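Just so you know, these numbers come straight off a predicted model, no measurement behind them. For the numbers below, each heavy atom of this structure counts, side chains included, while hydrogens, waters and symmetry mates do not.
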Amino acid sequence: MNTLRIRRAAIAVAAAAVLPLSLTACSSDDGSDTKADSTPTAAEEKTTPPADDATMTDKPFGAACAGVPADGAGSFDGMAKDPVATAASNNPELSTLVTAVKKAGLVDTLNNAENITVFAPTNAAFAKIPKADLDKVLADKATLTKILTYHVVGEKLAPKQLEKGTYPTLQKSTLTTAGSGESYTVNDTSKVVCGNVPTANATVYIVDTVLMPK
């Protein structure tokens with residue numbers, strides 16, 4: 001009888017010792033499983049693609065772009081369908097430039113050119129020139145042609161290319177560009193106020209100062 005009691009007591013002690021270990025193991029297993037479940041696998045992880053510089057500058061930019069009509073022939077969509085001289089004629093901010101282009105007989109030259117960049121002075125840019133001097137230039141076809149063709153580069157320039165560049169113009173001399181982001185200048189003085197405007201055959205950068213050949 002005593003021997004039986006001793007055996008039962010031993011079994012009870014052994015069970016009491018093993019039970020906490022079993023519970024600890026179960027708890028550990030559950031914890032590790034939960035942790036594993038909460039950690040996403042490589043296939044489940046989502047990554048954000050890096051920003052593409054090209055997509056950031058593939059649309060017109062600049063403060064003066066707000067003045068471009070939202071629709072119609074003079075809008076960005078409308079200008080994109082027409083060759084550059086025609087497109088400019090539909091933009092009310094470029095009316096003086098269009099008048100000068102017509103006086104110089106350059107409408108067909110610009111409309112028929114392929115893959116060019118035009119730095120287009122606004123009406124306000126022409127207004128910086130004293131009226132007497134401007135009238136004199138408008139009446140002198142040779143001088144006017146020289147000035148206007150100086151605003152044209154024989155290739156399409158993306159904004160990135162304006163960061164630091166020197167480009168030959170149709171006038172046969174060069175102009176320089178500098179800047180970054182959405183802030184660019186031409187020849188250090190003329191600021192791009194609405195850039196990267198597409199037309200059927202050209203990219204247009206609208207500038208606030210008329211460029212003079214060097």
Nearest heavy atoms of [X] and [Y], plus distance in Å:
| X | Y | answer |
| --- | --- | --- |
| E182 | G62 | OE1-N, 4.3 Å |
| P60 | P198 | CG-CD, 4.1 Å |
| P69 | G74 | CD-O, 3.5 Å |
| M79 | A87 | O-CB, 3.7 Å |
| A202 | V84 | CB-CB, 3.8 Å |

Transitively linked via ILVMFWY side-chain contacts under 4.5 Å: [X] with [Y]?
| X | Y | value |
| --- | --- | --- |
| L175 | M212 | no |
| Y184 | V118 | no |
| L138 | V98 | no |
| V204 | V193 | yes |
| I116 | V153 | no |

### Query
Pairs in or reaching into residues 194-214: which pass ring pair (Phe, Tyr, Trp, His ring centres under 6.0 Å), with residues at least two apart or in two chains?
F119-Y205
Will you find, in the side chains of [X] and [Y], an N or O donor that is under 3.5 Å from an N or O acceptor?
| X | Y | answer |
| --- | --- | --- |
| N111 | T86 | yes |
| N187 | Y150 | yes |
| N123 | S95 | yes |
| T209 | K128 | yes |

Are any side-chain N or O atoms of [X] and backbone N or O atoms of [Y], one a donor and one an acceptor, separated by less than 3.5 Å?
| X | Y | result |
| --- | --- | --- |
| D208 | S190 | no |
| S75 | G72 | yes |
| T185 | T189 | no |
| N201 | A113 | yes |
| H151 | L211 | yes |
| Y167 | E155 | no |
| T145 | K141 | yes |
| N112 | D108 | yes |

### Task
Measure the CZ-CG distance between F76 and D71 for me, rounded to the nearest 0.5 Å.
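Those atoms lie 12.5 Å apart.
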### Message
Please report the interatomic distance CG(L97) to NZ(K102), rounded to the nearest 0.5 Å.
### Response
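NZ of K102 is found 11.0 Å from CG of L97.
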### Query
So K103 and L144, side-chain contact (heavy atoms from CB on, under 4.5 Å) or not? Walk me through it.
CA-CA 8 Å; K103 285 183 176 292; L144 183 59; 3.8 Å; yes
### Task
Please step through side-chain contact (heavy atoms from CB on, under 4.5 Å) for the pair I206 and V192, ending with a clear verdict.
CA-CA 6 Å; I206 300 174; V192 174; over 6 Å; no
### Message
I'd like to know if K81 pairs up with D77 as an ion pair, taking the criterion as any Lys NZ or Arg NE/NH1/NH2 lying under 4.0 Å from an Asp or Glu carboxylate oxygen.
### Response
no
Would you say [X] and [Y] make side-chain contact, with heavy atoms under 4.5 Å?
| X | Y | result |
| --- | --- | --- |
| V186 | T176 | no |
| V197 | T203 | no |
| T117 | V152 | no |
| T177 | K164 | no |
| N91 | V68 | yes |
| L157 | L162 | yes |
| T122 | V207 | no |
| S180 | P159 | no |

In terms of heavy-atom contacts, does [atom1] of [X] have more than 12 from other residues, nucleotides or ligands at under 6.0 Å?
| X | atom1 | result |
| --- | --- | --- |
| K214 | NZ | yes |
| E163 | CD | yes |
| K156 | NZ | yes |

### Message
Can you pull out every disulfide bond (SG atoms under 2.5 Å apart) where at least one residue sits in residues 181-214? Sequence neighbours excluded, please.
### Response
C65-C194
### Task
Show your reasoning for whether side-chain contact (heavy atoms from CB on, under 4.5 Å) applies to L110 and V101.
CA-CA 9 Å; L110 294 177; V101 168; 4.0 Å; yes
### Task
Assess whether salt bridge (charged side-chain N to carboxylate O under 4.0 Å, His left out) is satisfied between D135 and K131, documenting all intermediate values.
CA-CA 6 Å; D135 289 343; K131 187 177 184 307; 2.8 Å; yes
### Query
So T149 and L106, side-chain contact (heavy atoms from CB on, under 4.5 Å) or not? Walk me through it.
CA-CA 9 Å; T149 54; L106 293 174; 4.1 Å; yes
